[in-house]
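Read the structure below first, then the notes.
The figures here come from the full heavy-atom set of this structure, side chains too, leaving out hydrogens, waters and symmetry mates. Quick note on labels: first sequence line is chain A, next is B, and so on, each numbered from 1.
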Amino acid sequence: MGNFYNKAMECATLYEMESLQSFRLSQTVRRVYEKVPFYRDRMIANGVSPDDIKSVNDLHKLPFVMKQDLRDTYPYGLFAAPLDEVVRLHASSGTTGKQIVVGYTRNDLGIWDECAARALTAAGGDKTDFMHVSYGYGLFTGGLGIHGGAERIGMTVIPVSTGNTARQINIIKDFGSTLICCTPSYAMFIAETMRDMGITKNDIKLKAGLFGAEPWTQEMRHTLEEMLGLKAYDIYGLTEIIGPGVAFECEEQTGMHICEDHFIPEIIDPDTGEVLPLGEQGELVFTCITKEAFPLLRYRTRDIAVLSRDKCSCGRTLIKMLKPKGRTDDMLIIRGVNVFPSQIETALLSVAGSQPFYHIEVDRVNNNDTLEIQVEVSEAMFSDTIKSMEDVEAAIRRAVESVIGISAKITMCEPKTLKRFEGKASHVTDKRKLLD
Amino acid sequence: MLIKQLSVFVENKKGRLSAITDILRQGGIDIRALSVADTKDFGILRLIVNDVQKAYAALKAGDCLVSLTDVIAVSIEDKPGGLADAMDLLSDAGISVEYMYAFISKSAGAASVILRVDDNQKAIDVLSSKFKILTQAEIAV
């Protein structure tokens, strides 16, 4: 069993946890009802009053909050604390529409630091560690979120942010970074650049990495662990809820423990909104029960996940979410079949010698959906005969087809010709959207 | 007496061959022989050069996907039936040729053939009874 940052909360009994959640939930609902016209109007329209919300079992009575609601109330319409109490703003990139803005009071930042500190502790970190933060700093929550957690623990924080990969690697080597956090795709780029610079995993001291902000696969985990010589942990968070640290992996790595004393999770059927029992896959919904400035109630994340209360060998009793397969809005419907980019990554990396550098292109030709997967050929895959190259191509095609159930055209590309990402990766071009 | 061939992965995209040959030009590499095998989407450029190490390093530095392949270079008299004699030897010995390409060598009256076969040692054994197998140094000149 590893260390805990806050054992009382991380290892509470279910009774203790639900009592605390019920208390915090009823207080938060009452507060936002009084302070935020949006919530009051919505609750009245749905015939719910704060008195109806006495325990976690009443949560389903509350209406959902959608991403569109955040845009409609932009910038400060959902803030539940006076703006002079707000000490920090963050914003989401707004790649899928207008950006959204969130705020934090000093207490909120304290909650966030603690959640990030729990994640870092679960990944084996303590005050002796050198925390290399390669998440972007700025309006994106990644950089400052992990930074706060690492400082709270008393680690030596190296706030590198993204970019200038060769310099990052020199810093990792010279400063003796022991922990790193960034997106998994940027970690891959760092690993690749390290190899080009002739620096091996034995030249650096990294022991663990916390990789998040985008879905990634077990196969990617193995690749990163092998190339960087570290243990790779998943970390989950979203700006709307707080940022990185909403959920995190422990050493067992069979799902991420949710800081449910702050954020109550639910899984719903995305079509009907009905709450699904533990173990069923559906859309993840969060309710913030401790935040002051931006406490979203029943926020639909569009992430597809499964919740589990199975006993964890790490000793934590915090509910676990199984790795999200992807977001409902990342899901592609190709020839009527639901396909997540992460499934394609899994298939691709199951082929010997392949690397997670790929791009997915969906198009419509003569009213038929086409799927093309561009894959960079690695040294291990390359040979001087056409026949063996065609065998590799066929192996990738079979692997993809067996996972997603539809055929794909595999295009083999030269190394370093597909785009690399410093922040969140974007692996898909859907040309059909341009046609509509 | 095998020699090293450079095999380079080339995407079927405008300008790729020009970019790769430019790398060799910048590196001052002399190409002795080459062939391109192509499919609809990609090709494999196979090169015999005067300085293998230098060419390999230059292509690597240019982010090309390049590997070294052991091939046989055999000198054949430049007359009708010269190549057929060599092929007979290989065929009789049950050796398969994956691919081959030829070039006229600088020494008068001889052609050189690059052979990629499934059993190098056996091929050298049977060919050397009648033909001269060239070394890397001989190719380099």
Side-chain angles (χ1 to χ4, degrees), chain A residues 165-166 188-189 191-199 348 351-361 363 365 370-397 400 407-420, chain B residues 2-23 33-49 52 55-57 59-72 96-101 114-120:
Chain A
T165 308
M188 195 59 222
F189 187 35
E192 185 191 32
T193 309
M194 235 173 76
R195 192 180 52 198
D196 290 350
M197 291 165 69
I199 294 171
L348 185 61
V351 177
S354 60
Q355 295 176 315
F357 300 118
Y358 62 96
H359 190 76
I360 299 164
E361 218 167 85
D363 202 351
V365 179
T370 59
L371 169 63
E372 178 187 348
I373 304 169
Q374 298 159 358
V375 183
E376 278 185 15
V377 180
S378 71
E379 238 163 84
M381 292 156 81
F382 179 53
S383 124
D384 64 311
T385 68
I386 294 285
K387 187 183 169 303
S388 54
M389 293 306 288
E390 286 177 340
D391 288 347
V392 170
E393 187 187 316
I396 296 172
R397 198 170 52 235
V400 168
S407 61
K409 173 177 165 33
I410 308 298
T411 302
M412 300 210 278
C413 305
E414 288 177 34
K416 299 187 185 172
T417 51
L418 298 178
K419 195 170 176 341
R420 300 294 191 265
Chain B
L2 295 166
I3 65 162
K4 296 287 182 196
Q5 165 194 282
L6 295 162
S7 310
V8 188
F9 181 81
V10 191
E11 250 179 86
N12 263 5
K13 264 196 319 204
K14 233 185 199 156
R16 281 311 296 155
L17 278 176
S18 129
I20 293 167
T21 47
D22 182 55
I23 291 173
L34 71 80
S35 88
V36 182
D38 65 310
T39 69
K40 198 154 75 48
D41 296 316
F42 67 90
I44 300 169
L45 174 64
R46 296 154 183 158
L47 294 161
I48 303 294
V49 297
V52 177
Y56 181 80
L59 289 166
K60 271 263 173 220
D63 282 338
C64 291
L65 183 52
V66 55
S67 70
L68 293 172
T69 312
D70 286 330
V71 293
I72 299 167
S96 303
V97 178
E98 303 267 1
Y99 56 80
M100 60 179 209
Y101 47 102
I114 303 296
L115 287 164
R116 165 81 152 89
V117 297
D118 61 350
D119 187 337
N120 279 328

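- Using a 4.5 Å cut-off between heavy atoms, A:Glu393 contacts chain B through its side chain alone, with no backbone atom that close.
- Ranked by heavy-atom pairs under 4.5 Å with chain B, the first of A:Asp196, A:Thr411, A:Thr417, A:Ile386 is A:Ile386.
- In this structure, A:Thr385 OG1 and B:Arg116 CZ are separated by 6.0 Å, a value rounded to the nearest 0.5 Å.
- By a heavy-atom distance cut of under 4.5 Å, B:Glu11, B:Arg16 are the residues of residues 11-19 of chain B near chain A, going up by number.
- Looking at B:Val8, the atoms closer than 4.5 Å to chain A (heavy atoms on both sides) all sit in the backbone: N, CA, C or O.
- For chain A, the nearby part of B:Tyr99 is the side chain; its heavy atoms alone come within less than 4.5 Å.
- Every pair passing salt bridge (Lys or Arg N to Asp or Glu O under 4.0 Å) that includes a residue from residues 34-48 of chain B is listed here, sequence neighbours excluded: A:Lys409-B:Asp41.
- The distance from atom CD of A:Glu390 to atom CZ of B:Phe42, rounded to the nearest 0.5 Å, is 5.5 Å.
- Taking B:Tyr56 as the reference, nothing meets the side-chain hydrogen bond (donor to acceptor under 3.5 Å, both in side chains) condition, with sequence neighbours excluded.
- Note that OG of A:Ser388 is 8.0 Å distant from CD of B:Glu98, once rounded to the nearest 0.5 Å.
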Which donor-acceptor pairs under 3.5 Å do side chains of residues 63-70 of chain B form with protein atoms, sequence neighbours excluded?
from: B:Asp63; atom 1: OD1; to: A:Lys416; atom 2: NZ; distance (Å): 3.3
from: B:Thr69; atom 1: OG1; to: B:Ser7; atom 2: OG; distance (Å): 2.7
from: B:Asp70; atom 1: OD1; to: B:Lys4; atom 2: NZ; distance (Å): 2.7

